Amino acid sequence: MSTVFDINSLARENIRNLVPYMSARRLGGKGDIWLNANEYHTAPDFQFRENTLNRYPECQPAAVIQRYANYIGLQPEQVLVSRGADESIELLLRVFCEPGRDAVLFCPPTYGMYSVSAETFGVEQKKIPVSTNWQPDVASIKNNLDRVKLVYICSPNNPTGNLVEPAALRQILELTRNQAIVAIDEAYIEFCPQHTTTRWLQDYPHLVILRTLSKAFALAGLRCGFTLASADIIALMLKVIAPYPLATPVADIAAQALTETGIQTMKNRVAEIVSNRIYLQQELSQLALVENVFPSETNYILVKFTDAEIVFKTLWDKGIILRDQRKQPGLENCLRITIGNRGECEQVVNAINALSSQTQQIKETENP
């Protein structure tokens with residue numbers, strides 16, 4: 001009688017041991033109010049206009065590249081489009097990091113795919129925790145640059161919502177000059193566009209900027225991201241990108257979103273989200289279960305509760321799905337809340353306020 005073969009024995013050891021990134025959809029939940037994935041609450045209205053699905057698409061659709069270059073004020077040869085910014089994270093690893101020899105560096109708490117992607121490719125990770133106010137510990141970074149070929153900096157940072165100070169970014173860029181690539185992830189920069197580092201590209205040839213249409217453009221389901229860099233870096237990335245990274249419908253809709261009308265619609269959307277963010281921050285800061293509402297330059301806020309577990313579970317049971325951040329370093333009792341429409345924000349406030357009242361009544365009963 002033959003024994004059952006364990007297919008896992010053929011997998012690489014690091015993959016067998018890998019803890020995957022748990023996206024909002026993989027975590028599940030059954031809700032009416034989805035505030036766990038930093039998505040926009042309403043689907044934009046686009047129509048697929050092409051009739052060429054029998055043909056392979058362009059590797060780098062000209063209309064998409066040109067319109068994005070116009071939008072950010074760069075040359076087309078400085079722009080690469082990919083399947084979300086997540087693909088760019090991996091492309092940079094494939095281009096610049098030799099497994100078993102080189103290392104990547106990033107500063108938790110931050111976006112989880114930097115770690116997962118590095119682990120997938122067998123590249124060593126140097127994790128330098130942030131210092132006060134969620135800022136990079138530049139001194140520790142300086143002392144840990146040996147063998148580092150790639151540095152990921154998320155600004156505004158996910159999940160904390162803060163910007164990295166320009167002085168710190170420049171220090172890191174100077175420390176890594178002629179040694180490593182610095183990738184600044186600007187997935188949320190449309191919520192604070194005056195802080196983009198795109199104008200720095202001419203001064204730092206090792207700077208790479210990651211962008212996306214998932215957030216302010218409300219196209220998370222499209223999976224369309226961009227890399228901004230020198231023409232030399234873009235040329236290297238084009239060597240390893242998939243032959244047809246963007247499906248024809250994706251390219252068509254992305255090009256529509258990047259018209260003057262599409263960009264103005266995005267800006268109007270940002271204004272709405274910022275208004276709702278201010279409302280939610282102000283209302284939550286007055287509730288008894290809320291210990292701290294952190295400042296944010298994004299479409300979400302990080303909130304520290306006196307008991308995040310009970311808040312998360314109570315709202316989950318009510319169909320209000322938040323993102324639990326308690327396992328991230330330095331984020332004990334913290335939940336991340338995407339900014340929904342005004343009605344959704346009000347329901348979040350009302351649910352937590354009701355829970356606060358119930359908690360207070362229980363305390364009064366136990367300690368009359």
Side-chain angles (χ1 to χ4, degrees), residues 44 46 48-50 52 56-92 95-96 153-156 169 173 181-220 222-270:
F46 290 103
F48 177 46
R49 305 175 302 187
E50 293 290 339
T52 58
Y56 286 111
E58 296 176 87
C59 176
Q60 295 291 290
V64 177
I65 294 293
Q66 185 63 63
R67 289 178 185 179
Y68 202 83
N70 293 343
Y71 164 55
I72 55 174
L74 295 177
Q75 296 302 310
E77 58 268 24
Q78 293 178 278
V79 179
L80 178 139
V81 64
S82 60
R83 292 170 290 195
D86 288 334
E87 184 176 23
S88 290
I89 292 169
E90 295 199 349
L91 289 174
L92 290 170
V95 170
F96 293 104
I153 300 287
C154 192
S155 181
L169 289 175
L173 284 162
I181 298 296
V182 175
I184 300 180
D185 189 340
E186 292 189 347
Y188 299 92
I189 201 66
E190 273 83 12
F191 298 97
C192 50
Q194 68 275 23
H195 295 290
T196 181
T197 56
T198 51
R199 61 191 179 278
W200 295 6
L201 286 168
Q202 61 185 348
D203 300 320
Y204 299 104
H206 59 307
L207 171 61
V208 173
I209 300 167
L210 307 182
R211 293 286 198 92
T212 183
L213 298 186
S214 294
K215 312 304 178 185
F217 282 90
L219 290 170
L222 201 64
R223 308 309 302 130
C224 184
F226 295 88
T227 305
L228 317 177
S230 69
D232 290 339
I233 290 177
I234 297 300
L236 288 168
M237 297 178 73
L238 282 169
K239 288 186 174 185
V240 299
I241 198 169
Y244 313 107
L246 252 62
T248 297
V250 173
D252 181 23
I253 294 171
Q256 294 178 53
L258 292 166
T259 61
E260 289 187 12
T261 299
I263 291 169
Q264 185 57 54
T265 298
M266 176 272 292
K267 292 178 179 179
N268 295 341
R269 186 182 298 121
V270 166

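Just so it is clear, the model here is predicted, and its values are computed rather than measured. The figures here come from the full heavy-atom set of this structure, side chains too, leaving out hydrogens, waters and symmetry mates.
- Of all heavy-atom pairs spanning Leu210 and Ile89, the tightest one is CD1-CG1, 3.8 Å.
- Using modelled atom types, no side-chain atom of Thr196 and backbone atom of Pro193 make a donor-acceptor pair closer than 3.5 Å.
- Gln78 CD to Ser230 OG: the interatomic distance, rounded to the nearest 0.5 Å, is 7.5 Å.
- Side chain of Glu190 to main chain of Lys267: no donor-acceptor pair is present (N/O by atom type, distance under 3.5 Å, no hydrogens or angles).
- In this structure the side chain of Ser82 never reaches within 4.5 angstrom of the side chain of Met237, judged on heavy atoms.
- Side chain of Asp252 to backbone of Phe48: no donor-acceptor contact under 3.5 angstrom is found.
- The side chain to side chain donor-acceptor pair (under 3.5 Å) with Glu186 is formed by just one residue from the set Thr198, Thr197, Thr212; it is Thr197.
- For the pair His206 (side chain) and Val182 (backbone), a donor-acceptor distance under 3.5 Å is absent.
- Within a 6.0 Å sphere centred on CD of Gln264, other residues, nucleotides and ligands contribute more than 12 heavy atoms.
- Closest non-hydrogen pair, Leu201 versus Leu207, comes out as CD2-O, 3.4 Å.
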Exercise for review: Show your reasoning for whether side-chain contact (heavy atoms from CB on, under 4.5 Å) applies to Arg211 and Ile72.
Suggested key: CA-CA 11 Å; Arg211 293 286 198 92; Ile72 55 174; 3.7 Å; yes
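- One distance of note links OH of Tyr204 with CD1 of Ile181; it measures 14.5 Å at 0.5 Å rounding.
- A heavy-atom distance below 4.5 Å is found between the side chains of Pro245 and Cys59.
- To the nearest 0.5 Å, atoms CG (Leu238) and CD1 (Ile233) are separated by 12.0 Å.
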Practice item. Mind running side-chain contact (heavy atoms from CB on, under 4.5 Å) on Gln60 and Val81 for me, showing each step along the way? Key: CA-CA 6 Å; Gln60 295 291 290; Val81 64; 3.5 Å; yes
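- Pairing each heavy atom of Leu246 with each of Pro57, the nearest pair is O-CG, 3.2 Å.
- The two residues Leu258 and Arg67 make their nearest non-hydrogen contact at CB-CB, 3.8 Å.
- For the residue pair Pro76 and Gln66, the shortest heavy atom distance occurs at CG-OE1, 3.4 Å.
- Side-chain atoms of Phe96 and Leu236, non-hydrogen and from C-beta on, do get closer than 4.5 Å to each other.
- Taken from CD1 in Ile153 to CG in Asp185, the straight-line distance is 10.5 Å, to the nearest 0.5 Å.
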Practice item. Begin with the C-alpha distance, continue with both residues' side-chain angles, and end with the deciding distance and a verdict on side-chain contact (heavy atoms from CB on, under 4.5 Å) for Ile184 and Val208. Key: CA-CA 6 Å; Ile184 300 180; Val208 173; over 6 Å; no
Point to revise | Test log, rule side-chain contact (heavy atoms from CB on, under 4.5 Å), inputs Phe46 and Leu222 | key: CA-CA 11 Å; Phe46 290 103; Leu222 201 64; over 6 Å; no
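- For Tyr56, the OH atom counts as loosely surrounded, since its 6.0 Å shell holds 12 or fewer non-hydrogen atoms of other residues, nucleotides or ligands.
- Ring geometry for Phe226 against Tyr68 counts as parallel: the plane angle stays under 30°, on a 0 to 90° scale with 60° as the upper cut.
- Atom CZ of Arg49 sits about 13.0 Å away from atom OG1 of Thr248, to the nearest 0.5 Å.
- Between Ser214 and Arg223, the shortest heavy-atom contact is OG-NH1, 3.2 Å.
- Atom CD of Glu87 sits about 8.0 Å away from atom CG of Leu80, to the nearest 0.5 Å.
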